[in-house]
Amino acid sequence: MLEISKTVSIPEQEIEMSAVRSQGAGGQNVNKVASAIHLRFDIMASSLPQYYKDRLLNLNDQRLTKDGVIVIKAQEHRTQEQNREEALQRLQELIKRAIAIPKPRKPSKPSRSSQRKRMDSKTKRSHLKMMRGKVDTE
C-alpha cells in the first residue's frame, strides 16, 4: 500500500512495475543486471477518489501520457530495491503535489509613506544630476 494521505492509499496491484536495464556508463554490471525500474500507474483504472483523478489528469507534466498513465523511470541507484523505493516515492510526491491547492495571491499596494520616500529620493537624485551640468557665466 502506497499511502498518499491519512484517508487515501493506493494498493500495490494498481501500480505496474517492471525491471529494465539502466542507461549510460556503468562498467561490467550494467549489461547484465536489470536494476532500473519502470513504474506505470493508470489514473482512470485506479481506486483514487474522483477529485484526485481530475487533478492528476489536468496536470501539465511530461510523465503523464495522453491515455492518463503516469510513467516514472528510476535508475539512480545500483540496486533494484532502492530504485523501486525511489519510483514509489516519486509517484507519491507527484500525487501529493497535484492535489495541493495553491494559496490565492492577494494583490498588495505600496504604502503612502513608501511612495512619498520613493518620489523624494527621485527628486534628490534629479537635483544632484542637474547640479552636475554646465555652469552659466552670464
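Residue numbers count from 1 along this sequence.
- Here the CD atom belonging to Q89 is positioned 10.5 Å from the CD1 atom belonging to I72, to the nearest 0.5 angstrom.
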- Would you sort out whether L88 and E86 count as a side-chain contact (heavy atoms from CB on, under 4.5 Å), showing the intermediate values? CA-CA 6 Å; L88 288 171; E86 176 79 19; over 6 Å; no
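- The number of heavy-atom neighbours closer than 6.0 Å to CE of M130, taken from other residues, nucleotides and ligands shown, is above 12.
- Hydrophobic clustering places L91 together with Y51 (ILVMFWY residues linked when any side-chain heavy atoms are closer than 4.5 Å, directly or through intermediates).
- The closest donor-acceptor contact from the side chain of N83 to the backbone of I37 lies at 3.5 Å or more, if one exists at all.
- Contact check for L64 versus V69: no side-chain heavy atoms found under the 4.5 Å cut-off.
- Considering OG1 of T79 and CD of E85, their distance stands at 9.5 Å, rounded to 0.5 Å.
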- Message: Go through it in stages, so that I can follow the logic: the residues are R63 and V71, the test is side-chain contact (heavy atoms from CB on, under 4.5 Å), and I'd like the CA-CA distance, side-chain angles, deciding distance and then a yes or no.
- Response: CA-CA 5 Å; R63 296 171 287 190; V71 179; 5.6 Å; no
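- In plain terms, the two heavy atoms of R90 and A74 that are nearest each other are NH2-CA, 3.7 Å.
- Taking the charged nitrogens against the carboxylate oxygens, R84 and E81 do have a contact shorter than 4.0 Å, which makes a salt bridge.
- With no hydrogens or angles considered, a side-chain donor-acceptor pair links S114 and S111 at under 3.5 Å.
- Nearest approach of P107 to R105, heavy atoms of both residues: CA-NH1, 3.2 Å.
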- Item | side-chain contact (heavy atoms from CB on, under 4.5 Å) assessment of I10 paired with I95 | CA-CA 11 Å; I10 301 170; I95 295 172; 3.6 Å; yes
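- Atoms CG and CD1, from L59 and I43 in turn, are 8.0 Å apart once rounded to the nearest 0.5 Å.
- Judged by distance alone, the side chain of R55 and the main-chain N or O of A100 form a donor-acceptor pair under 3.5 Å.
- L56 pairs in a side chain to side chain contact (heavy atoms under 4.5 Å, CB included) with only one of the listed residues (D61, I99, I70), which is I70.
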- Go through the steps for Q75 and K73 under the test side-chain contact (heavy atoms from CB on, under 4.5 Å), then give the verdict. CA-CA 6 Å; Q75 59 182 8; K73 185 174 183 184; 3.5 Å; yes
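- A side-chain donor from one of E14 and S47 sits under 3.5 Å from a side-chain acceptor of the other.
- With hydrophobic clusters built from ILVMFWY side chains whose heavy atoms lie under 4.5 angstrom apart, L94 shares a cluster with L57.
- Put simply, the side chain of H77 does not reach to within 4.5 Å of the side chain of S35, judged on heavy atoms.
- Here the straight-line distance linking atom CE of M119 with atom OG1 of T123 works out to 6.0 Å at 0.5 Å rounding.
- To the nearest 0.5 Å, the span separating NZ on K106 from OG on S108 amounts to 11.5 Å.
- Side-chain polar atoms of Q82 and R78 form no donor-acceptor pair below 3.5 angstrom.
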